[in-house]
Amino acid sequence: MAEAAEIQETTSASACRWPRLLTVLLTSAALLTGLVQLPGAQPARAESSGSRPVDVSINTLTPVAPKQDDTLTVSGTVTNNGGSTVADAHVGLRVGGQLNSRVDADETGNRAAFSPGTDGSELGKHTQKIDKLPPGSSREFSISLPAKDLELGKDGVYQLGVSLSGHTADQGSERVLGIGRTLLPWQPSSIEGKKTRLTFLWPLISATHLTARTESDQQQTPIFPNDDLAAELAPGGRLQQLVALGKGLHITWVIDPDLLATVEAMTKTYRVEGPDGKNTPGRGQAVAKQWLSQLQTAVAGDQVVALPFGDPDLASLAHHGKDVSGSLSHLQSATELASTTVDTILGVKPRTDFAWPVDGAVDSSVIDVATSAGAHNVIARSDSFRDRTSYTPTAARQIGSGNTAVVADARMSTGFQGDLVRAGEYSLAVQRFAAQSLLVNRQAPDNERSIVVAPQRMPTASQAQAMAAAIAGLSDGRWTQPVSLGDAAAAKPDPDANQQVPGPGSYPDRLREQELSTKAFQEIQKTQATLDGFKVILTSQDRVVTPFGSAIMREMSTSWRGNPKGATEFRDAVQSYLYGLTRRVELIKKSDVTLSGRSATIPMTVHNGLLQGIEGLHLVLESSQTNRLQVDRSQPVKINGGQNQSVKFETRANANGPVRVTARLYTDEGQPYGDPVVFTVHVTSITPMVLLVIAGGVLLLVLAGLRIYIKRKRSAARAADGGGPAADGDGPGNGGPDDDKPSRRPGDPAPDTGSHDTEPSGSGEKVER
């Protein structure tokens, strides 16, 4: 591998330096005895080991890579960490030997002990006196000198030291009490060979800030769990600094579209959840609008790479999610949403064919998942794809199936990590980056190579400032040439570079411990299943599918690494909120019912507490004893938002007794929706009273018929004897025998009937029969 080759190279170089080292040791011995003093050097007591009481911090070195005619300025701070006052002190510059490998550059700045042979002699003409330095006190220094006075040799990278020499009460003679070191790239003019093509990724990624929660209004006002993102967007904030610093640099922007969507939501009215559960108005509209405007200007002319929406954790998907049915489909959806989001908000058509696993760590399963959604280029890192060349090869290499691994340089990519708030760490990171880039070029100056730098996903403001300073330090293009990520991926691969994808066992344990678990993906799929069952009944599906679909993608975000509690709470909140919405469409509970007839109607009420209408539901009633009670099985349900619907079911009773009835909603696909409602129907369709009423009615009809029959028989008998009245139907007007006889007029004598009986009339008169 390249690192091993550099170690071998360093060993060989060390063997060549033995004669020179022997000379240095002899000279040092002479200095210790005071027999020899180098020209221009201040007398000092040199020591080769031990801690130093004074800390020397090199805070700035400008320019980063000086030319022959430049003026070099070195400034910083000296701090007395010892217990004695430092007197008669001065700060001086020391130029060490040329560094032969990238390993040497890594070690520079980490060594505390002072070594005259390695640190070099002091440049006597360029020093600065320091006032008395009591314990715990600090003094600033700044030394400027023409770069040519450094008397550097051939082009390359040198160690530049700043030492403080003086004496203390317990040490009467002057000695080096502290030293700080940095790296000085020395390339006075453009190189004669080929320049290194350099790609620097500039990530715009943040933690998840938006859930699926919204206000119950037509605008669906989003509710943020906090307003922390506003601070990142405000002047001086992390994201504001990334945009401001990135403008004008030759970089490739790598953006999580979820961040853009979240900030865009902040440009409108939004709410923030308070600690007491009450929502308060968000106050980040102004900074959100300003940030998006600045970003649109900053990315103009640069290449923009869009990660899948929410920046899903590819390694977690590969190691735990792919075995959970449906998990990989979210990656495809997130990739498709990425292009639309960036294009809509920024007006830029991004590249979506790049995948970026965490820290560029890959194995065969990560590669398979990363390329499953259309990303044919995977951004890896050289500490995962280990090369065995004596130089740093071109980043691109073919890994089969038409896919390309773009292997970022691990040293340069990790050079801006750590706390760079301290000026000394900041400056050293900048100088190391410039030095490493020159050392890469000098490894094979006649071989044009393409190097990619992929820093940490979410750099702090100070880290971003260091990154910007390092890129700007190479802007004159003496040994580097900036190219986009797309050009780096398309570069001709080095035939000697490693093209073998690492096996499953090679994935780092420290990263595997931070991954989302299989249980997490199962919970994600549970939420998706709930959403799938809910959306089919909605008349305006986008009002629910869009916010919850985005929230599900955020549940897989890389930003949850190292925060398992936060990831769990986020998933639970999304599922709980979605479940609460589904419960707003429900059957109203029903008490027991009594049926007092053979047929009756049972009403059921469905409540829709959503703002939008619902359809595609059927209400089904099921009788536990169909031989006793039969009911209509299904009725369609369609309700406008915020209303109820009463659904009536016809029943037919066949026998008395209690019957258990279950009411439940089903979708058109036959899937049950919500909880069932169970109640009891008491069937009393044939009661004793009803039987008595019916029997009484029948008896009356029979008696009436019998009376009519007896009356007719009697009439018929009298008619047969000639003395009785005509039977029914024989009277006047009915066609009887008397109809042909003339009617008697008033005053005519009564006919002789052969009877002389009389009966008093009601008027006292006698009537003859």
Side-chain angles (χ1 to χ4, degrees), residues 1-2 196-205 250-256 302-308 311-312 314-315 318 335 338 350-387 389 391-415 436-437 440 447-457 467 471 480-502 506-507 511 558:
M1 59 188 70
T196 301
R197 293 158 56 91
L198 183 64
T199 300
F200 202 108
L201 307 188
W202 198 259
L204 274 185
I205 302 171
H250 295 291
I251 55 177
T252 295
W253 298 83
V254 181
I255 301 177
D256 176 8
D302 293 332
Q303 187 173 87
V304 175
V305 171
L307 299 175
D311 188 21
L314 301 176
T335 301
R351 294 281 297 264
T352 58
D353 56 340
F354 285 89
W356 190 13
V358 175
D359 289 355
V362 297
D363 58 23
S364 55
S365 62
V366 174
I367 294 291
D368 290 343
V369 167
T371 57
S372 65
H376 300 298
N377 304 289
V378 181
I379 303 170
R381 212 165 66 182
S382 60
D383 50 357
S384 183
F385 260 91
R386 297 184 179 273
D387 293 296
T389 58
Y391 58 89
T392 303
T394 287
R397 65 272 321 264
Q398 300 302 315
I399 54 176
S401 302
N403 299 318
T404 301
V406 183
V407 182
D409 183 78
R411 279 193 174 91
M412 299 176 72
S413 297
T414 59
Q436 289 286 358
S437 67
V440 167
N447 183 10
E448 184 181 69
R449 286 161 293 149
S450 182
I451 306 301
V452 173
V453 179
Q456 58 272 31
R457 262 177 157 72
M467 288 158 51
I471 297 172
T480 61
Q481 175 186 352
V483 297
S484 68
L485 181 60
D487 290 339
K492 183 179 179 180
D494 191 319
D496 295 329
N498 178 22
Q499 300 181 17
Q500 185 67 38
V501 176
S506 63
Y507 194 82
L511 293 179
T558 301

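Only a predicted model underlies this, so the values are computations on that prediction, with no experimental measurement involved. Just so it is clear, the values below take in all heavy atoms, side chains as well, and ignore hydrogens, waters and symmetry mates.
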Q) Under the side chain to side chain contact (heavy atoms under 4.5 Å, CB included) criterion, do Leu485 and Ile379 qualify, and how do the steps go? A) CA-CA 10 Å; Leu485 181 60; Ile379 303 170; 3.9 Å; yes
Q | Ser365 vs Asp363, side chain to side chain donor-acceptor pair (under 3.5 Å): CA-CA, chis, key distance, verdict | A | CA-CA 6 Å; Ser365 62; Asp363 58 23; 2.8 Å; yes
Q: Give, for atom CG of Asn403 and atom CD1 of Ile367, the distance between the pair rounded to the nearest 0.5 Å.
A: 7.5 Å
(Q) Whether the side chain of Ser372 engages the backbone of Val369 through a donor-acceptor N/O pair (distance < 3.5 Å, no angle test) should be reported. (A) yes
**Q.** Heavy-atom pair of closest approach, residues Pro203 and Trp356
**A.** CB-CZ3, 4.1 Å
Q) Quick one: CD on Glu448 to CG on Asp494, what's the gap to the nearest 0.5 Å? A) 12.0 Å
Q. Does any N or O in the side chain of Ser382 come within less than 3.5 Å of the main-chain N or O of Ala410, such that one atom is a donor and the other an acceptor?
A. yes
Q) Do the side chain of Ser384 and the main chain of Ala361 share a donor and acceptor less than 3.5 angstrom apart? A) no
Q: Output the distance between atom CG (Asp487) and atom CD (Gln481), rounded to the nearest 0.5 Å.
A: 9.5 Å
Q | Any side-chain heavy-atom pair of Phe385 and Ile399 under 4.5 Å | A | yes
Q. Are Arg411 and Asp409 close enough for a salt bridge, meaning some N to O gap below 4.0 Å?
A. no
Q) With distance as the sole test, does Arg197 use its side chain to make a donor-acceptor pair with the main-chain N or O of Ala488 at under 3.5 Å? A) no
Q. Distance-only, no hydrogens or angles: does the Arg381 side chain make a donor-acceptor pair with backbone N or O of Ser413 under 3.5 Å?
A. no
Q: To the nearest 0.5 angstrom, please state how far the CZ atom of Arg457 sits from the CG atom of Leu307.
A: 6.0 Å
(Q) Tell me whether Thr404 contacts the main-chain N or O of Ala489 through its side chain, where contact means a donor paired with an acceptor under 3.5 Å. (A) no
Q: Could you tell me whether the side chain of Thr199 and the main chain of Val483 form a donor-acceptor pair under 3.5 Å?
A: yes
